[in-house]
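Input: a single structure, listed below in structure tokens.
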Amino acid sequence: RVKASGRGGVGFFDDELRAQLLAVRELEEALALGIARGELRLHYQAVVAVDDERVLGYEALVRWERPGHGLVPPADFVDVAERSALVCDLGREVLRQATSQLAAWSASDPVAAGRNVGVNISGRHLASPRVVEDVREALAGSGLGPHRLVLEITETVLVDHETALERLAELRALGVAVAIDDFGTGFTSIAQLQRMPADILKVDRSLAGSDDPADAQLVRLVVGAARAAGLEVVAEGVETSAQMDALRAAGCDAVQGFWFHRPAPPGDRAPGLGPRPAPLPALPRPVLPRP
Ligand code: C2E
Ligand code: MG
Ligand code: MG
Ligand code: MG
């Protein structure tokens, strides 16, 4: 870009860069304030067993109720938080809310008491020594048993950082479960799965929610490798009954996706599955035009 702007374009480039940096700084400051003011909200999406379609638990997904901006999705602010220690404040708050919410649902509902909650942990938070204390405090504060908390860590974080692997081992020693998130988007080899200190493998939507038969074949391979490594498999982003059938055939243990449940703000009761759209009637076979 510097080259394209040519001589005399450098000033323009500087201005543009300065404006971008300023925007990021402003967002960071607004987010820091927003977290302190309690503007973070969690939505919950059910994780559903493949065999009998019962709800196994929920994934907690953060949103920012930013005054004047509506409900901001994580894609618009988590990366910015990740640039600084702010992401640790965010992570601590999400852990606290998610564990308290599941504990509250469980207090009035014995069915919910058998479910777990997944929390996304950023790479930077995982790298910080504080993360173990943050998890411990969230569990102690909510009274939730450690086995009911699943920490979701994206695949890319695990491949790059040896410290992340050590930290995961520490966290698992607390009794919490670990899920490798977004599997299939990074470069983890199937061989590396063996040495991952994890319990669950979440296959990314780009693979699991695909309608391409070649991807279905890949999911089958991944399930086989996960089994060999002792991991349970959750498929993400299931939107149709056809995808669901393919994932069942591939041997996935659980699924998550709009087909079953859309992420929603918490109500008084732990969410179950609502009615789903009836499958489309089978279309008559297309008849080839006769010559
Ligand atoms: P993720 O952890 O892989 O979460 C799944 C995302 O897929 C969520 O998007 C969810 O709403 C979406 N999703 C679920 N089912 C379907 C489906 O059937 N179709 C489609 N198209 N999408 C589906 P969301 O809530 O926008 O979150 C995006 C990402 O932001 C998450 O991906 C996660 O990486 C990150 N994130 C969310 N909450 C947190 C958090 O509390 N902390 C951190 N560090 N990251 C978070
Ligand atoms: Mg996740
Ligand atoms: Mg994911
Ligand atoms: Mg994903």
Side-chain angles (χ1 to χ4, degrees), residues 31 34-35 39-48 57-65 70-101 116-128 131 134-135 138 149-158 164 177-186 188 198-211 222 233-244 246-247 252 254-266 271 273 276-277:
L31 182 59
I35 294 174
E39 291 169 6
L40 294 185
R41 305 279 175 265
L42 296 185
H43 285 190
Y44 295 85
Q45 183 182 35
V47 179
V48 180
Y58 307 94
E59 178 172 3
L61 297 157
V62 75
R63 280 94 180 86
W64 174 16
E65 202 174 304
L71 206 59
V72 186
D76 293 352
F77 66 91
V78 169
D79 283 355
V80 168
E82 178 101 61
R83 291 164 43 95
S84 72
L86 202 54
V87 82
C88 299
D89 298 336
L90 182 146
R92 193 174 307 125
E93 175 62 16
V94 172
L95 279 165
R96 196 190 59 72
Q97 282 190 34
T99 50
S100 310
Q101 184 61 66
N116 58 35
V117 69
V119 170
N120 294 284
I121 301 287
S122 85
R124 190 171 185 137
H125 195 195
L126 187 68
S128 126
V131 73
D134 289 343
V135 169
L149 179 62
V150 181
L151 303 178
E152 301 195 1
I153 325 277
T154 55
E155 179 197 353
T156 41
V157 167
L158 294 177
V178 167
I180 301 169
D181 204 355
D182 301 341
F183 187 79
T185 58
T188 312
D199 307 276
I200 298 162
L201 188 72
K202 297 189 77 167
V203 183
D204 192 65
R205 171 159 61 92
S206 56
L207 208 58
S210 160
D211 294 314
V222 169
V233 181
V234 179
E236 301 188 290
V238 184
E239 293 183 349
T240 67
S241 69
Q243 287 164 1
M244 182 60 201
L247 295 165
C252 293
V255 291
Q256 211 180 320
F258 294 169
W259 174 251
F260 286 102
H261 188 238
R262 283 185 181 261
L273 302 182
R276 285 192 303 288

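Just follow the structure's listing: the first ligand is 1, and inside any ligand the first atom is 1.
- Within the 4.0 Å heavy-atom criterion, the part of Arg205 lying near ligand 1 is the side chain and not the backbone.
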Run the side-chain contact (heavy atoms from CB on, under 4.5 Å) check on Val94 and Ile121 step by step: do they pass?
CA-CA 9 Å; Val94 172; Ile121 301 287; over 6 Å; no

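- Side chain of Gln101 to main chain of Gln97: no donor-acceptor pair is present (N/O by atom type, distance under 3.5 Å, no hydrogens or angles).
- Each of the atoms 4 (O), 8 (C), 10 (C), 11 (O), 25 (O), 37 (C), 38 (N) of ligand 1 lies under 4.0 Å from some heavy atom of Leu61.
- When heavy-atom distances to ligand 1 are checked against a 4.0 Å cut-off, Arg63 comes that close only through its side chain, counted from C-beta outward.
- Contact annotation for Pro263 and ligand 1: only side-chain heavy atoms (C-beta onward) come within less than 4.0 Å of the ligand.
- Counting the atoms of ligand 1 from 1 in the order shown, those under 4.0 Å from a heavy atom of Pro74 are 24 (P), 25 (O), 26 (O), 27 (O), 28 (C), 30 (O), 36 (N), 37 (C).
- Residue Glu59 is tested with Val117, Leu42, Asp181, Val150 for a side-chain contact (heavy atoms from CB on, under 4.5 Å); the sole match is Asp181.
- Close approach to Glu239 involves these atoms of ligand 1, each under 4.0 Å from a residue heavy atom: 17 (C), 18 (O), 19 (N), 20 (C), 21 (N).
- Residues Glu152 and Val234 have side chains not in contact (no heavy-atom distance under 4.5 Å, counting atoms from C-beta outward).
- Considering backbone and side-chain N/O atoms, Asn120 comes within less than 3.5 Å of an N/O atom of ligand 1.
- Side-chain atoms of Gln45 come within 3.5 Å of backbone N or O of His261 as a donor-acceptor pair.
- Using a distance-only test at 3.5 Å, with no hydrogens or angles considered, a donor-acceptor pair links the side chain of Arg124 to the main chain of Arg83.
- Across Ala81 and Leu31, no two heavy atoms sit closer than the pair CB-CD2, 3.7 Å.
- For Arg262, no heavy-atom contact with ligand 1 is shorter than 4.0 Å.
- A donor-acceptor pair under 3.5 Å is absent between the side-chain atoms of Tyr58 and the main chain of Ala98, judged by distance alone.
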Evaluation steps, side-chain contact (heavy atoms from CB on, under 4.5 Å), between Glu236 and Phe183:
CA-CA 10 Å; Glu236 301 188 290; Phe183 187 79; over 6 Å; no

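- With a 4.0 Å cut-off on non-hydrogen atoms, His43 does not touch ligand 1 at all.
- Distances between N or O atoms of Leu42 and those of ligand 1 include no value under 3.5 Å.
- With values rounded to the nearest 0.5 angstrom, Asp89 atom CG is found 5.5 Å from Ile35 atom CD1.
- Ligand 1 is never approached by Ala75 to a heavy-atom distance shorter than 4.0 Å.
- The contact set between ligand 1 and Gln45, taken as ligand atoms under 4.0 Å from a residue heavy atom, comprises 14 (C), 15 (N).
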Would Glu155 and Asp204 count as a side-chain contact (heavy atoms from CB on, under 4.5 Å) here? Give the steps.
CA-CA 10 Å; Glu155 179 197 353; Asp204 192 65; over 6 Å; no

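- Between Val62 and ligand 1, an N or O atom pair is found at a separation short of 3.5 Å.
- In the vicinity of Val238, heavy-atom distances shorter than 4.0 Å reach the ligand 1 atoms 18 (O).
- Near Asp181, meaning under 4.0 Å from one of its heavy atoms, ligand 1 places the atoms 1 (P), 2 (O), 3 (O).
- Separation of atoms CG (Asp76) and CZ (Arg63) is listed at 11.0 Å; rounding is to 0.5 Å.
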Would you please test Asp211 and Gln243 for side-chain contact (heavy atoms from CB on, under 4.5 Å) and show each step?
CA-CA 7 Å; Asp211 294 314; Gln243 287 164 1; 3.1 Å; yes

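- Counting heavy atoms closer than 4.0 Å to ligand 1, residue Asp182 contributes side-chain atoms (C-beta onward) but none from N, CA, C or O.
- Separation of atoms OG1 (Thr99) and CG (Asn116) is listed at 13.0 Å; rounding is to 0.5 Å.
- Considering backbone and side-chain atoms alike, Gln256 places every N or O at 3.5 Å or more from each N or O of ligand 1.
- Interface atoms of ligand 1 facing Ser122, defined by a heavy-atom separation under 4.0 Å, are 44 (N).
- In this structure, the side chains of Leu40 and Phe77 come closer than 4.5 Å at one or more pairs of heavy atoms.
- Take a cut-off of 2.8 Å around the Mg ion (ligand 2): the protein N, O or S atoms inside it are Glu59 OE2, Asn120 OD1, Glu152 OE1, Asp181 OD2.
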